[in-house]
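All ligand and atom numbering here is 1-based and tracks the order in the structure. The figures here come from the full heavy-atom set of this structure, side chains too, leaving out hydrogens, waters and symmetry mates. Positions are given from 1, in the same order as the sequence printed here.
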Amino acid sequence: MTTQAHWERVYATRSHTEVSWYQREPRVSLALIERVAPARSAAILDVGGGASTLVDALLVRGYTNLGVLDIAAGALGAAHDRLGARGDTVAWLAADVLHYPFTPQSVDVWHDRAVFHFLTEAADRRAYVAQATAAVCPGGHIIVATFAIDGPAQCSGLDVCRYSPDLLHEEFGAGFDLVAHTFEEHITPTGGAQRFQYSVLARR
Ligand SMILES: C[S@@+](CC[C@H](N)C(=O)[O-])C[C@H]1O[C@@H](n2cnc3c(N)ncnc32)[C@H](O)[C@@H]1O
């Protein structure tokens, strides 16, 4: 099964509140985004955002330049339906992050929760870093949340790579400074605990 078929099937068979990564309030992501991009005009892209409620919360906080990119069009449709007309100002991009033709230096904050960790091939991680490096403007930020070193080895039935903030920074290389990190114990809808790390990288 292709990556796209896997994710389309996930979102076709479960509501966005049933998936293990569901958060009613993406508290850590919001705090980090508001910290690095207090201006409400900042260009914020939720990469692999799926049907996450992050975009809802950013709209409520007055952010006006928002995009959500995901390989599963069904997830973006669910999020847009949930938001109704409030979601009409959001750029909904149904695409593979590894191949999307980003406008160079067009993003102030690139947010990724639980997407990069699926890239188990080094070549895919290099492609992702090249995409992020091109898309984020100098002085902009990348926020990457992955399962922590002591987090689960799989997500959605797929193997993942687990990271410490330092290991994650190594993947992104010298073009970025690691400026902050934090950890979160995510409780899944069925009550399981998953440890995440969130790293904030500043584009030089
Ligand atoms: C575990 S979910 C996390 C969703 C969301 N970030 C959140 O925290 O609620 C992973 C998401 O990444 C998307 N995804 C996986 N591979 C992708 C790729 N290559 N390009 C874009 N999206 C991808 C999936 O469709 C799915 O929505």
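- Remark: Arg162 fails to qualify as a cation-pi partner of Phe147 under the 6.0 Å distance and 45° angle criteria applied to the six-membered ring.
- The aromatic rings of Phe196 and Tyr198 lie tilted to each other, with the angle between the two planes from 30° to 60°.
- From the protein, the heavy atom lying nearest to atom 14 (N) of ligand 1 is Ile71 CG2, 3.8 Å.
- Looking only at protein heavy atoms, the nearest one to atom 7 (C) of ligand 1 is Arg113 NH1, 3.5 Å.
- The main-chain N or O of Val10 is never found under 3.5 Å from a side-chain atom of Arg14 such that the two would form a donor-acceptor pair.
- Among the atoms of Asp46, none of the N or O lies under 3.5 angstrom from an N or O of ligand 1.
- Here's the thing with Val47: none of its N/O atoms is less than 3.5 angstrom from an N/O atom of ligand 1.
- Every atom of ligand 1 with a heavy atom of Ala114 under 4.0 Å away is listed here by number and element: 1 (C), 2 (S), 3 (C), 10 (C).
- Checked by atom type and distance alone, the side chain of Asp177 never pairs as donor or acceptor with a backbone atom of Val179 at under 3.5 Å.
- With Ser29 as the fixed residue, the side-chain hydrogen bond (donor to acceptor under 3.5 Å, both in side chains) test singles out one of Glu184, Glu34, Arg113, His111: His111.
- With hydrogens left out, the protein atom closest to atom 24 (C) of ligand 1 is Trp7 CD2, 3.3 Å, a heavy atom.
- Of the possible donor and acceptor atoms, none in the side chain of Gln197 sits under 3.5 Å from a partner among the backbone N and O of Ile149.
- Protein heavy atom at the shortest distance from atom 20 (N) of ligand 1 is Val97 N, 2.9 Å.
- Judged by distance alone, with hydrogens and angles left aside, the side-chain atoms of Arg40 form a donor-acceptor pair with the main-chain N or O of Pro38 at under 3.5 Å.
- Listed by number with element, the atoms of ligand 1 under 4.0 Å from a non-hydrogen atom of Trp21 are 1 (C), 2 (S), 3 (C), 4 (C), 7 (C), 9 (O).
- At least one heavy atom of Asp96 sits closer than 4.0 Å to an atom of ligand 1.
- Looking only at heavy atoms of the protein, atom 26 (C) of ligand 1 is closest to Tyr11 OH, 3.4 Å.
- Residue contacts with ligand 1, taken as heavy atom pairs separated by less than 4.0 Å, do not involve Tyr22 at all.
- Arg203 places no side-chain N or O within donor-acceptor distance of the main-chain N or O of Cys137, the cut-off being under 3.5 Å.
- Ring planes of Tyr11 and Trp7: tilted class, angle from 30 to 60°.
- Against a heavy-atom cut-off of under 4.0 Å, Ala95 is close to the following atoms of ligand 1: 20 (N), 21 (C).
- Close contacts of ligand 1 with Gly50, meaning ligand atoms under 4.0 Å from a residue heavy atom, involve 27 (O).
- Distances shorter than 4.0 angstrom occur between a heavy atom of Gly49 and an atom of ligand 1.
- The aromatic rings of Tyr163 and Phe116 lie tilted to each other, with the angle between the two planes from 30° to 60°.
- Around atom 11 (C) of ligand 1, the closest heavy atom drawn from Ala127, Gly48, Ser29, Ser20 belongs to Gly48.
- Looking at Val115 next to ligand 1, no N or O pair under 3.5 Å apart turns up.
- Note: an N/O pair closer than 3.5 Å links Asp70 and ligand 1 by distance alone.
- No donor-acceptor pair closer than 3.5 Å links the side chain of Thr53 to the backbone N or O of Asp56.
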